[in-house]
Visitor: 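Input: one structure, supplied below.
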Amino acid sequence: MATNGRTVASVDPDVALAYKFPEVSFAYDERDVALYALGVGACGADAVDDKELHLVHHRDGQRHIKALPTFASLFPNKNSNGRGIVNVPGIHFDASLLLHGQQYIEIYKPIPSCASVVNKVKVAGLHDKGKATILEIETTTSLKDSGEVLCMNRSTIFLRGAGGFSDSSRPYSYTTYPANQISRISIPNSAPSAVYEDQTQQSQQALLYRLSGDYNPLHSDPMVAQVAGFTRPILHGLCTLGFAARAVIKSFCNGDPAAVRNIFGRFLLHVYPGETLVTEMWVDGQRVQYQTKAKERDRAVLSGYVLLKHIPSSL
Ligand SMILES: CCCCCCC/C=C/C(=O)SCCNC(=O)CCNC(=O)[C@H](O)C(C)(C)COP(=O)(O)OP(=O)(O)OC[C@H]1O[C@@H](n2cnc3c(N)ncnc32)[C@H](O)[C@@H]1OP(=O)(O)O
């Protein structure tokens, strides 16, 4: 339903939860993997970066370009042909008010540098927050031939202006996954174990990142950004997450992208292309907790953790 060109929000949880998503098949190759790495800043400060060249180049005869674990975060884009969010019957909202709230990625096998894969998709959560609806979409991706499961993405989408569909004294809240997978991040008071600083490109960062398959105009069209409440197009949340995960991999895994088991991030504030991202990291066993700030505004924009397969090597 639309008035004055804006969609009037409505949520029917029964219809949304009953929906069976079609499976989505697609393939990618090394060019996609390298383009993604460039889009999240790999080798951005040094074209021969010792810890990152293998992400974009067949270094010293290496047979395959290595995929960052966050490359997997692109897979859910295929559910919607890169329009940002898959259509869920029963949920109608103003697309210009949609923001990415959180992302959780589980990596079961190192992400191959080229593959034919299949997405299985479901609604994993739906919550009425009054001023917003939170929708959680879970995408499990498997190799097409063997059926081997590669990874799972849980994308949390914050639909501003679409809440209030349930009784406010007992707001609707539905979740399919175990409570211990819901992570509360509390940033330690102690000095961080490592700090990594990265410059995003003022003119190109979002325009480059979108070529990896997220063509939501919020990140490229000034008019759309303004309607959404921003002075200019903002960076994709998953681009910021890619910068943060790179910071962890460079600081604690000697640049080895296969060292990561899972990744969580909550987007706290929008980022403008050109801002400097400062990622502070705290090691707790195999878990690296992090917080990323936009240096110019001294504001936290992202926080979360990366779980590694082993205790970080540099400690
Ligand atoms: C299938 C894949 C689709 C992927 C989506 C693709 C589209 C991509 C778009 C983008 O990349 S947008 C850019 C990245 N995202 C952002 O820049 C968002 C940054 N964050 C914010 O602006 C704010 O945090 C917010 C999301 C607007 C929320 O702030 P607000 O002040 O309105 O919330 P609160 O009053 O603090 O909390 C209300 C309620 O919501 C919960 N909550 C708050 N923030 C988040 C969050 N980031 N993710 C999930 N949930 C959030 C919070 O806990 C409160 O709930 P209760 O505690 O009351 O139960």
Side-chain angles (χ1 to χ4, degrees), residues 21 24 39-40 70 72-88 91 93-105 119-141 152-164 166 168 170-175 182-185 200 205-206 209-210 212-221 224-225 228-244 264-273 275 277 292-294 297 299-304:
F21 290 82
V24 180
V40 297
T70 45
S73 70
L74 297 177
F75 296 166
N77 290 334
K78 299 291 180 182
N79 304 337
S80 63
N81 277 330
R83 278 176 289 105
I85 182 178
V86 64
N87 184 36
V88 182
I91 303 185
F93 58 93
D94 185 340
S96 66
L97 298 180
L98 174 156
L99 289 173
H100 203 154
Q102 299 182 160
Q103 190 76 11
Y104 176 64
I105 313 165
N119 281 351
K120 287 194 174 123
V121 189
K122 66 176 188 183
V123 173
L126 185 61
H127 312 275
D128 185 355
K129 299 290 182 186
K131 62 181 177 181
T133 283
I134 290 181
L135 171 64
E136 299 177 277
I137 300 282
E138 201 167 285
T139 304
T140 302
T141 305
M152 182 274 281
N153 276 274
R154 194 175 302 122
S155 315
T156 303
I157 300 145
F158 198 92
L159 304 173
R160 292 180 289 170
S166 61
S168 59
R170 275 182 4 134
Y172 183 92
S173 196
Y174 163 89
T175 300
I182 308 167
S183 292
R184 293 276 170 212
I185 301 299
T200 63
Q205 200 70 60
Y209 179 84
R210 76 194 284 274
S212 282
D214 183 345
Y215 299 103
N216 183 338
L218 176 62
H219 311 293
S220 50
D221 186 323
V224 172
F230 304 106
T231 54
R232 59 197 168 93
I234 61 172
L235 203 59
H236 303 71
L238 290 179
C239 180
T240 310
L241 185 69
F243 271 84
F264 172 75
R266 176 181 270 217
F267 305 110
L268 305 171
L269 190 68
H270 58 281
V271 174
Y272 288 113
E275 290 191 300
L277 298 176
T292 302
K293 286 183 176 163
R297 286 180 287 162
R299 297 281 304 274
V301 295
L302 169 66
S303 69

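Starting from 1, each residue takes its place in the sequence as its number. First listed ligand is number 1; within each ligand, the first listed atom is number 1.
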Visitor: Quick one: closest heavy-atom pair of Leu241 and Gln103, and the distance?
Guide: CD2-CB, 4.0 Å

Visitor: Quick one: does Val301 get a heavy atom under 4.0 Å from ligand 1?
Guide: no

Visitor: Which bit of Phe267 is near ligand 1, meaning a heavy atom under 4.0 Å away: side chain, backbone, both or neither?
Guide: both

Visitor: At what distance, to the nearest 0.5 angstrom, does OG of Ser303 lie from CG of Leu269?
Guide: 12.0 Å

Visitor: Tell me every residue that passes side chain to side chain contact (heavy atoms under 4.5 Å, CB included) with Thr175, counting only those two or more places apart in sequence or in another chain.
Guide: His127, Glu136, Tyr177

Visitor: Please identify which atoms of ligand 1 are closer than 4.0 Å to at least one heavy atom of Leu98.
Guide: 7 (C)

Visitor: Relative to each other, are the rings of His219 and His236 parallel, tilted or perpendicular (30° and 60° limits)?
Guide: parallel

Visitor: When only distance counts, is Gly101 in polar contact with ligand 1, meaning an N/O pair under 3.5 Å?
Guide: yes

Visitor: Show the atoms of ligand 1 that are less than 4.0 angstrom away from any heavy atom in Leu99.
Guide: 12 (S), 22 (O), 27 (C)

Visitor: Could you name the option among Leu268, Asn119, Ile134 that has the heavy atom nearest to atom 41 (C) of ligand 1?
Guide: Ile134

Visitor: I'd like to check which ligand 1 atoms, numbered from 1 as shown, lie under 4.0 Å from a non-hydrogen atom of Ile234.
Guide: 13 (C)

Visitor: Above 12 or not: heavy atoms from other molecules or residues under 6.0 Å from CZ of Arg299?
Guide: no

Visitor: Looking at ligand 1, does Asn79 have a heavy atom less than 4.0 Å from it?
Guide: no

Visitor: Among Asn153, Asn119, Asp214, Val24, exactly one meets side-chain contact (heavy atoms from CB on, under 4.5 Å) together with Asn77. Which residue is that?
Guide: Asp214

Visitor: At a non-hydrogen distance cut-off of under 4.0 Å, which region of His219 contacts ligand 1 (side chain, backbone, both, or neither)?
Guide: side chain

Visitor: Within the 3.5 Å criterion, strictly below it, is a donor on Thr133 or Tyr172 matched to an acceptor on the partner's side chain?
Guide: no

Visitor: With side chain to side chain contact (heavy atoms under 4.5 Å, CB included) as the criterion, how do Ile137 and Val88 come out once you've worked through the C-alpha distance, each side chain's angles and the decisive distance to 0.1 Å?
Guide: CA-CA 10 Å; Ile137 300 282; Val88 182; 4.1 Å; yes

Visitor: Taking 4.0 Å as the limit for heavy-atom contacts, which would you say applies to Leu235 with ligand 1: side chain only, backbone only, both, or neither?
Guide: backbone

Visitor: Quick test of your reading of the structure: of Gln103, Gln102, Lys129, whose heavy atom lies closest to atom 55 (O) of ligand 1?
Guide: Lys129

Visitor: Which part of Leu238 is near ligand 1, with near meaning a heavy atom under 4.0 Å away: side chain, backbone, both or neither?
Guide: neither

Visitor: Give a yes or no answer on whether the side chain of Glu138 reaches the backbone of Val121 with a donor-acceptor pair at less than 3.5 Å.
Guide: no

Visitor: Checking contacts here: is it the side chain or the backbone of His270 that comes within 4.0 Å of ligand 1, counting heavy atoms only? Could be both or neither.
Guide: both

Visitor: What atoms in ligand 1 come closer than 4.0 Å to a heavy atom of His236?
Guide: 11 (O)

Visitor: Measuring only between side-chain heavy atoms, which start at C-beta, is Leu238 closer than 4.5 Å to Phe267?
Guide: yes

Visitor: Are any of the N or O atoms of Gly237 closer than 3.5 Å to those of ligand 1?
Guide: yes

Visitor: To which of Lys131, Glu136, His100 does the heavy atom nearest atom 31 (O) of ligand 1 belong?
Guide: Lys131

